[in-house]
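Below is one structure, written out as structure tokens, with a few remarks after it.
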Number of protein chains: 2
Amino acid sequence: MNKELQTLIDLFLKILHLYSVINKKPKDYGTGDLLYFTEIHTITMVGKNKKINVTRLAEVMGVTKGAISQTIKKLVSKNLILKTNLRNRKEVNLKLSEKGRLVYKGQKSFQKDIFTFAAALYKRGTPEQRDLVRRLFIEIVANMQMRVKVQESAG
Amino acid sequence: MNKELQTLIDLFLKILHLYSVINKKPKDYGTGDLLYFTEIHTITMVGKNKKINVTRLAEVMGVTKGAISQTIKKLVSKNLILKTNLRNRKEVNLKLSEKGRLVYKGQKSFQKDIFTFAAALYKRGTPEQRDLVRRLFIEIVANMQMRVKVQESAG
DNA sequence: GTAATTTTGTTTAGCATCTAAACAAATATA
DNA sequence: TATATTTGTTTAGATGCTAAACAAAATTAC
């Protein structure tokens with residue numbers, strides 16, 4: 001069993017690594033912009049969170065406000081993200097432009113693609129089998145989130 | 001079911017993101033060196049693959065030879081990795097120093113820690129439940145590896 | 001056996017991304 | 001109103017990567 005478990009952990013670590021390799025190459029989702037993963041990820045997060053601001057985006061993405069500010073500046077200049085609520089120079093509200101939504105949709109379908117075959121496998125499983133998968137993922141997320149919090153309070 | 005599946009994919013993407021957040025902070029595994037993830041990952045790969053060389057390491061890690069060469073240079077200067085087979089200036093064989101092995105062990109136990117609770121959950125599952133988990137991971141790895149290969153041959 | 005080719009590793013310049021810190025501007029609190 | 005807090009921006013410097021030019025060694029072709 002321990003060997004089986006180690007193999008499984010190795011598989012999981014391999015997935016984590018492969019995902020970063022896949023996302024290293026910049027992509028064009030049909031807008032004419034070659035976008036790096038950080039840019040795409042930022043667009044994804046803005047698309048997912050209505051009217052988010054820089055500070056909250058930094059929290060959600062686990063980086064500093066400065067990093068977000070720089071990325072947003074670039075994406076605004078590329079007309080992928082819009083700053084609304086500009087009568088007020090503080091508390092900027094971010095939203096996607098039409099072009100930004102195209103990237104958002106492209107990335108979503110890319111993610112769906114990656115998991116298409118795994119999803120089919122999952123669907124064919126019994127309710128009991130699916131239950132363990134779900135609980136494992138929830139447990140791993142909970143553990144990792146705890147670690148991030150500990151890191152934040154320590155650093 | 002589709003909502004359940006989307007939730008699961010979101011959980012998985014969250015894991016991928018949290019892992020990168022966790023690994024962003026440099027760590028000291030008791031050698032006095034504050035090491036960044038790239039350095040730790042490189043040490044891990046050298047530890048896992050006996051007498052590996054720069055070219056193979058680049059393939060395994062999905063980066064260019066130049067990148068590996070730079071990282072190795074730094075790790076050799078920190079006395080974490082050793083270059084053997086130096087009578088021959090080509091085909092360098094890499095291995096961990098005593099200090100490097102300490103980092104290797106530290107990282108291994110860190111990875112084990114992350115999955116401790118999930119592993120306990122997995123162990124309590126039935127053989128049928130575990131079977132789906134295994135097959136899902138294998139499927140995801142296969143799909144991602146295929147994508148990396150396609151990317152390589154295309155780019 | 002020598003010449004041409006391939007393989008392997010290194011260096012360089014330049015780019016993307018991040019942090020920390022200093023800062024400016026707006027808001028909230030005393 | 002004065003002070004403190006919150007929010008966003010800018011800057012300098014660091015890591016890590018690529019592409020390309022290069023050097024050195026090994027392999028292949030003739």
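Convention: sequence-line order gives letters A, B, ...; per-chain numbering from 1.
Applying side chain to side chain donor-acceptor pair (under 3.5 Å) to B:Tyr29 and the options B:Lys105, B:Lys99, B:Gln107 leaves one that passes, B:Gln107.
Counting any heavy atom pair closer than 4.0 Å across all strands shown, A:Thr55 reaches sugar-phosphate atoms only and no base atom.
Contact between the side-chain N/O atoms of B:Lys83 and the OP1/OP2 oxygens of C:dT10 is found at a separation under 4.0 Å.
Rounding to whole angstrom units, CG of residue A:Leu34 and P of D:dA19 are separated by 12 Å. Per the geometry, CG belonging to B:Asn23 stands 15 Å off C1' belonging to D:dT15, to the nearest Å. In this entry the distance linking NZ of B:Lys51 with C1' of C:dT8 reads 18 Å, nearest Å. The nearest whole Å value for the distance from the CZ atom in B:Arg56 to the C1' atom in C:dG9 is 15 Å.
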(message) Within the 4.0 Å limit for protein heavy atoms, which parts of nucleotides 12-23 of chain C are touched? Write it as a string from 5' to 3', B for base, S for sugar-phosphate only, - for none.
(response) B---SSBB----
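Listed by first then second residue, pairs satisfying side chain to side chain donor-acceptor pair (under 3.5 Å) with a partner in residues 44-66 of chain B read B:Asn53-B:Glu91, not counting sequence neighbours. Sequence neighbours left out, the pairs with a member in residues 2-22 of chain B that pass salt bridge (charged side-chain N to carboxylate O under 4.0 Å, His left out) are A:Arg130-B:Glu4, A:Arg134-B:Glu4.
Between A:Phe12 and B:Phe115, the two ring planes are perpendicular [angle over 60°; tilted spans 30° to 60°].
Contact annotation: the side chain of B:Lys83 never approaches that of B:Asn93 to less than 4.5 Å [non-hydrogen atoms, C-beta and beyond].
Of the possible polar contacts, one joining the B:Asn23 side chain to the B:Tyr19 backbone as a donor-acceptor pair under 3.5 Å is found.
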